[in-house]
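Just so it is clear, the values below take in all heavy atoms, side chains as well, and ignore hydrogens, waters and symmetry mates.
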Amino acid sequence: MSISHAPPAHQSDISAISKDEEPPLDLQPLVPASARRARVPRWLRRTTGPVLLLLLWQLLSATGVLPSDVLASPGRIAEVGRELVADGSLPSAMATSLRRVAAGLLFGTVVGTGLALVSGLFRIGEDLVDAPVQMLRTVPFVGLIPLFIIWFGIGETPKTAIITLGVTFPLYLNVYAGIRGVDAQLIEAGESLGLTRWGLVRHVVLPGALPGALTGLRYSLGIAWLALVFAEQVNADSGIGFLMVQARDFLRTDVIVVCLIVYAFLGLLADFIVRSLERLLLQWRPTFTGR
């Protein structure tokens with residue numbers, strides 16, 4: 001007698017259901033609208049505003065709404081800029097101003113960072129350093145120009161001192177805040193791993209304070225160019241500020257605007273360098289980049 005093995009009832013039902021089912025659909029991953037690639041390139045969107053502003057400026061100048069003795073037209077400013085570059089006066093002034101900013105930024109970075117390290121790493125340092133620095137930073141550095149002239153004369157020293165003073169305090173505040181903003185749990189974790197005091201500073205505190213330090217450096221660069229404008233008004237015989245003083249005496253608004261544009265582009269270039277340095281040194285820290 002032969003015995004036939006019939007499949008269980010539930011298996012036959014499952015096979016019947018699977019035959020009746022439609023083939024699975026291809027699932028497409030959902031992409032948020034904010035993550036989709038924009039149709040307009042970003043560089044085009046960023047340049048649209050300045051281009052429209054230049055066109056409006058040129059239109060107002062061409063129609064006489066904006067007289068040339070009040071503000072020269074963009075075409076005239078471009079022509080004057082080419083003349084200043086051709087005769088060598090603008091490159092020479094830029095070199096002098098860059099040298100002054102570099103010296104002031106170097107001294108200000110050393111002083112501001114050093115004071116922040118002493119005040120941020122040691123409680124006794126905070127008691128001795130922080131209060132005097134907080135008092136001095138409330139004094140407008142521009143108001144100290146007459147005092148610097150009395151102390152240092154009218155040479156390059158007071159100009160460098162003004163820039164140094166303008167750079168020191170923003171850098172001090174940001175480095176100090178970065179050090180004191182390090183998570184205490186990271187310090188405890190480092191101590192539990194056997195790190196010495198110097199090891200904690202090197203591997204935990206300083207990397208944690210680096211974002212604040214770079215932010216302070218960006219802010220200090222902006223203050224440095226602002227301080228340079230005032231510094232080069234102090235009996236200067238060279239530099240971009242000297243060109244502006246001469247242009248003011250002869251009512252040359254075109255030269256003044258050229259100098260202001262040079263200030264703006266130099267500041268923008270310096271900020272771009274620091275932002276590139278941020279991307280290089282802070283690769284370990286993922287951040288929100290906008291939507």
Side-chain angles (χ1 to χ4, degrees), residues 42-43 46-47 49-51 53-54 77-78 81 84-85 88-116 137 140-142 145 156-178 206 209-234 236 238-245 255-283 285 287 289-290:
R42 189 179 182 187
W43 65 267
R46 292 177 67 91
T47 56
V51 170
L53 182 61
L54 284 176
I77 290 172
L84 292 176
V85 172
S89 57
L90 186 58
S92 176
M94 289 174 58
T96 302
S97 296
L98 283 173
R99 184 173 65 250
R100 289 167 178 162
V101 168
L105 185 65
L106 176 61
F107 293 136
T109 300
V110 172
V111 174
T113 305
L115 291 176
R137 77 177 184 88
F141 63 90
V142 179
I145 292 178
E156 290 296 316
T157 304
K159 301 176 181 59
T160 305
I162 293 170
I163 300 172
T164 300
L165 195 63
V167 167
T168 298
F169 298 122
L171 201 56
Y172 169 84
L173 291 176
N174 284 274
V175 175
Y176 174 80
L206 293 184
L210 186 59
L214 292 175
T215 300
L217 182 59
R218 288 183 63 187
Y219 186 56
S220 296
L221 279 171
I223 298 295
W225 291 109
L226 176 62
L228 177 67
V229 175
F230 293 102
E232 291 186 334
Q233 311 293 323
V234 182
S238 61
I240 303 175
F242 173 68
L243 291 180
M244 293 181 65
V245 171
V255 177
I256 294 176
V257 174
V258 168
C259 294
L260 292 176
I261 292 174
V262 171
Y263 274 131
F265 274 101
L266 289 177
L268 188 63
L269 177 61
D271 186 74
F272 172 76
I273 294 174
V274 177
R275 293 183 67 178
S276 301
L277 191 63
E278 283 183 342
R279 288 192 291 268
L280 179 64
L281 297 178
L282 301 181
Q283 295 179 358
R285 190 187 68 158
T287 57
T289 57

CG (Leu106) and CD1 (Ile163) are apart, to the nearest 0.5 Å, by 12.0 Å

Under the rule for side-chain hydrogen bond (donor to acceptor under 3.5 Å, both in side chains), what residues qualify as partners of Arg99, not counting sequence neighbours? none

Just grab all the side-chain hydrogen bond (donor to acceptor under 3.5 Å, both in side chains) pairs involving residues 210-222, residues at least two apart or on different chains. Arg218-Asp271

For residues Val101 and Ala224, report the shortest heavy-atom separation together with the two atoms involved. CG1-CB, 4.2 Å

dist Leu228:CG -> Phe230:CZ (nearest 0.5 Å) comes out at 11.0 Å

Taking every heavy atom of Ser97 against every heavy atom of Gly239, the minimum-distance pair comes out as OG-CA, 3.6 Å

Which distance, rounded to the nearest 0.5 Å, do you find between the CG of Asn174 and the OG1 of Thr113? 10.5 Å

Short side-chain to backbone donor-acceptor contact, Thr164 and Phe107, under 3.5 Å: no

For Ala270, give me all partners under side chain to side chain contact (heavy atoms under 4.5 Å, CB included), at least two apart in sequence or on another chain. Leu221, Trp225

Listing, residues 272-280 side-chain donor-acceptor contacts under 3.5 Å, not counting sequence neighbours, or none:
{"unit_1": "Ser276", "atom_1": "OG", "unit_2": "Phe272", "atom_2": "O", "d": "2.9"}
{"unit_1": "Ser276", "atom_1": "OG", "unit_2": "Arg279", "atom_2": "NH2", "d": "3.3"}

Tell me, please, which residues at least two apart from Ser92 pass side chain to side chain contact (heavy atoms under 4.5 Å, CB included). none

Ala161: which residues meet the side chain to side chain contact (heavy atoms under 4.5 Å, CB included) condition with it, sequence neighbours left out? Phe148, Phe152

Which residues satisfy the side-chain hydrogen bond (donor to acceptor under 3.5 Å, both in side chains) test with Ser238, sequence neighbours excluded? Arg100

Who pairs with Tyr172 by side-chain hydrogen bond (donor to acceptor under 3.5 Å, both in side chains), at least two apart in sequence or on another chain? Ser119, Asp130

Please enumerate all residues that pass side-chain hydrogen bond (donor to acceptor under 3.5 Å, both in side chains) together with Ser89, with sequence neighbours excluded. Asp87

Heavy-atom closest pair (Leu171 atom, Gly108 atom, distance to 0.1 Å) is CD2-O, 4.2 Å

Rounded to the nearest 0.5 Å, what separates atom CD1 in Ile223 from atom CD1 in Ile162? 13.5 Å

Cut-off 3.5 Å, no hydrogens considered: what does the side-chain donor-acceptor table look like for residues 258-268, sequence neighbours left out?
{"unit_1": "Tyr263", "atom_1": "OH", "unit_2": "Glu232", "atom_2": "OE1", "d": "2.9"}
{"unit_1": "Tyr263", "atom_1": "OH", "unit_2": "Gly241", "atom_2": "N", "d": "3.3"}

